[in-house]
Amino acid sequence: MRRLDVIVPVVRWSGLADATLRSLREHLGRPEALRVVGAAPPPAGAVGPAAESAGDIADVGGVGDVGDVGDVAGAWNLVLDDLGEHPERDLLVVLPGILAAPLLDLRLQWSAYTADEVALVSPLCDLDPATSLARHGVHGLTAAEIDDRLARLAGHGPLAVVDAPYFLPECAFVRADLVRRALGRERPRDPAGLVRLLRREGLLCGFAPHVFVECPSLPPRPAPWLDAGGAVSAFLAETPLHQVALRLGTGEAPRVPGVRRRSRPRLLHVSHSLGGGLERWVDLFTSASPQADNFVLKSIGERGRFGSQLWLYEGANLSAPVQAWKLAPPIEGSVVSHLGYRRVFAEIVRELGIDGVVVSSLIGHSLDALRSSLPTVMVFHDYFPFCSALHIAFEGVCRECGEHRLAACLRRNPLNDLFDSRDPREWLVLREAFLAALSAGGVRAVAPSPSVARHLRELAPQTAGMDVAILPHGSDARDLWLEPERPERPGSAAPLRVVVLGRVTAIKGEDLLREVVERAGDLARFWLVGCGDRGRRLAGRRVEVVERYERQELPAILARIAPDAGLFLSIVPETFSFTLDECFGARIPPVALRTGSFGDRIEDGVNGFLCDPDAGSVLATLERLAAARGLLAGVREELRRRTPRSAVDMVADYARVLGLEDFSPRAYFAAEWGPGDGAPERGGYRLPAGSPLGFAEYFRQVETGTLHHIQQTRRLKPWQRTVGRRAAAGGFRMARLLMRWLVR
């Protein structure tokens, strides 16, 4: 949208001007754009000391003389003069006596730009018969109630702007480019002349039937201010505002969020349902972005068909989807295009008024997610779908991946076991389509650490010119965890206390960890925290195992262990590592392999220690730290001084990359918002009518997805999975019986 100035023509200060300016300061979406023209500065205290000190009420005198606040023609002469001085800016003109509605400036600007020919747009107001709702029987409601109800109707039909015979001179939005084009022909002397000039140039005036302003101190006009013959008479007789008034109703309005809340920009996150650090990141993002509404589209499925369904969630509330779709055919890994997926994606974007797309994973999704024409970022949490193994590791970190190496990787890479397809050509076609989509306009690549961009450019030279934004993930680690108390241990002969956070798996260096533990002897004691079932194999005299924990329990666990160091042995180049963040937040010096983001984020000897990917190098580093414990103390002190990047900072960077505004016309004109979780100020999306699934099919898919998640949840032991499946299946059977009884 173009820059917008809000001007108030005033010559002699009065209570009308004071009230108008106060309402504008309270309700404008861009209060910094407010200006007074044709007057001396307001008297001290007239609009409050904050306004005067901020300088947003400025004197631009010398452009004319209104003569009197009621001299509308004189006021509009000032407007046309100002338009000539600032041709790059749209204008909102508000005369003294008008009280603004929430986001008045933005809502009128949004209306004007929904049609190419509308040069002037005014709100509804009971001041003039053509804009009056009282004339159509709307009584007993305050101006705020009327405006709120009208705004809610904006998402239920073509109500952005209606053709009008003239504009309301006391309050009008001016599209500068269109009006300047008309003014190149002649200069009108009054608002009536401006209307006639615009009409000759094929331009229109409009009313915004979703905005209502109040004018309590101005007497209503008994007749239209402009006598334009039959056009005005016909409008008054057949006005579409009568239908608006009927839809408005006079009953008690449901409690819903206000205009500002409903106009927040909306983001769609594209994610998988495999859990892990990606899910943690999406949760952090959605929880740390109060300036936007977030929706999460997850692929649901199982091995061989990761995209058999799509579930849409509202924000971080992943307890139940707000809508679900079945994909036929299902998507095994990812596909170049999928007609059913494309239709679902387009429906979500349209119905929700999405402003930007954040693609965190394409597992179970189509590349159509990158082709929506909306501002889109592709976040490289891993290297899929460029790499079918996700982690660019095959007999070491990959430096190239041509067709022959890819074929070998598909045949015998033990880390490439997520997808059944072993056709190199299929993966190459997907890869090339993915890189082409990244190069298209509107898509921005984002990496959480510089090594991701380096690896991508090395493996895909065609991305050398691609602009990859480096946006480190945010963290809440320091907010949650205090540094564990470390009891004094006499002498340096005491074994190092080493914690290993997270799952013990092949990619996390299971074999390397086993060798380090076996060769460490009395050098160190190890605690495997959150290691899962496979970590039990390493339990022993010098190894204590905590298979699972809830995140809120981690501070107490770390306080009990009081570790000297944290060990990170991933054999793949990780793109970020939230567990490293947790060590940083708890001031635990990390010892990590010199791979991926560890090499980016750890300064050797400053905020941690780096070693080569072999047991000898790891043990040598631990021996050095055991002999010189001051090195560990120095790193702990450095970690105390550093402030980890917050999730709020991360979200702000993504908003900048996506170009998000503070308020969104797409969200404002999208589907209705209703009460959510009993708290209307929080909002809550109401599903559009005509869900693609009948209730029985939707219920069946929820049941299938729930049982699948129980089976796939790695934290559960085998017997817990069995009990969970049986309990869930029994609950669904009971629900089906209850539904049959209710509808019989």
Side-chain angles (χ1 to χ4, degrees), residues 4-61 63-79 81-83 89-109 120-128 131-132 142-144 146-147 167-174 191 207-208 211-221 225 259-260:
L4 170 64
D5 277 5
V6 181
I7 63 173
V8 182
V10 179
V11 64
R12 288 194 303 271
W13 205 261
S14 69
L16 291 181
D18 186 19
T20 294
L21 286 168
R22 288 182 184 278
S23 74
L24 288 169
R25 279 188 52 77
E26 178 183 357
H27 290 302
L28 290 180
R30 296 172 182 161
E32 72 280 359
L34 181 58
R35 296 189 293 119
V36 174
V37 300
V47 293
E52 293 175 7
S53 62
D56 56 1
I57 307 295
D59 171 31
V60 290
V63 297
D65 185 3
V66 173
D68 186 80
V69 293
D71 186 353
V72 175
W76 274 88
N77 274 320
L78 288 178
V79 172
D81 287 339
D82 195 82
L83 187 63
R89 304 174 187 173
D90 290 333
L91 295 179
L92 172 61
V93 182
V94 183
L95 267 61
I98 297 294
L99 301 185
L103 300 188
L104 174 65
D105 51 341
L106 299 182
R107 291 160 71 191
L108 291 181
Q109 188 178 40
L120 294 169
V121 175
S122 291
L124 302 188
C125 177
D126 285 338
L127 180 62
D128 191 275
T131 58
S132 173
T142 66
I146 293 173
D147 181 70
F167 65 97
L168 185 68
E170 288 82 3
C171 184
F173 172 83
V174 181
F207 295 150
V211 189
F212 185 86
V213 297
E214 188 179 12
C215 52
S217 300
L218 299 178
R221 286 190 283 267
W225 75 266
V259 169
R260 286 178 177 269

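Note that these values count all heavy atoms, side chains included, but never hydrogens, waters or copies made by symmetry.
Under a 3.5 Å cut-off, the side chain of S23 and the backbone N or O of A100 do form a donor-acceptor pair. Remark: the backbone N or O of F167 is not paired with any side-chain donor or acceptor of S122 at under 3.5 angstrom. Between the side chain of D105 and the backbone N or O of L28, no donor-acceptor pair lies under 3.5 Å. At distances below 3.5 Å, not a single donor-acceptor pair connects side-chain atoms of R22 with backbone N or O atoms of A17.
The closest side-chain heavy-atom distance from P220 to D126 is not below 4.5 Å. Under the 4.5 Å side-chain criterion, counting only non-hydrogen atoms from C-beta, V72 is in contact with P191. Contact check for F173 versus D90: side-chain heavy atoms found under the 4.5 Å cut-off. Looking only at side-chain heavy atoms (C-beta outward), V174 and L92 stay at 4.5 Å or farther from each other. You'll find the side chain of L127 reaches within 4.5 Å of the side chain of R221, heavy atoms only. With a 4.5 Å cut-off on side-chain heavy atoms, L95 and P9 count as touching.
Atom CG of L24 sits about 13.0 Å away from atom CZ of R35, to the nearest 0.5 Å. One finds the OG1 atom of T20 at 10.5 Å from the CG atom of L34 (value rounded to the nearest 0.5 Å). Between the CG atom in L4 and the CZ atom in R89 there is a gap of 10.5 Å [rounded to 0.5 Å]. For the atom pair E214 CD and T142 OG1, the distance stands at 8.0 Å (nearest 0.5 Å). Atom-to-atom distance recorded for L120:CG and L108:CG is 11.0 Å, nearest 0.5 angstrom. For the atom pair W225 CH2 and D128 CG, the distance stands at 8.5 Å (nearest 0.5 Å).
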Passes side-chain contact (heavy atoms from CB on, under 4.5 Å), V8 versus L21? Steps please.
CA-CA 8 Å; V8 182; L21 286 168; 3.9 Å; yes
Could you go through I146 and L124, starting from their C-alpha distance and side-chain angles, then the distance that decides it, and tell me whether this counts as side-chain contact (heavy atoms from CB on, under 4.5 Å)?
CA-CA 10 Å; I146 293 173; L124 302 188; over 6 Å; no
Under the side-chain contact (heavy atoms from CB on, under 4.5 Å) criterion, do Q109 and L91 qualify, and how do the steps go?
CA-CA 9 Å; Q109 188 178 40; L91 295 179; over 6 Å; no
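For R25 and E32, the salt-bridge test fails: no basic side-chain N is under 4.0 Å from an acidic carboxylate O. The pair R30-D5 does not meet the salt-bridge criterion, since no charged nitrogen lies less than 4.0 angstrom from a carboxylate oxygen.
Between G29 and L106, the shortest heavy-atom contact is CA-CD1, 4.0 Å. Closest of all the heavy-atom pairs between E26 and R260 is O-NH2, 3.4 Å. Closest heavy-atom contact between P96 and L218: O-CD1, 4.1 Å. Across all non-hydrogen atoms, the minimal contact from L168 to F207 is N-CE2, 4.5 Å. In terms of heavy atoms, C215 sits closest to I98 at CB-CD1, 3.9 Å.
Exactly one residue among T131, V211, L99 makes a side chain to side chain contact (heavy atoms under 4.5 Å, CB included) with C125. That residue is T131.
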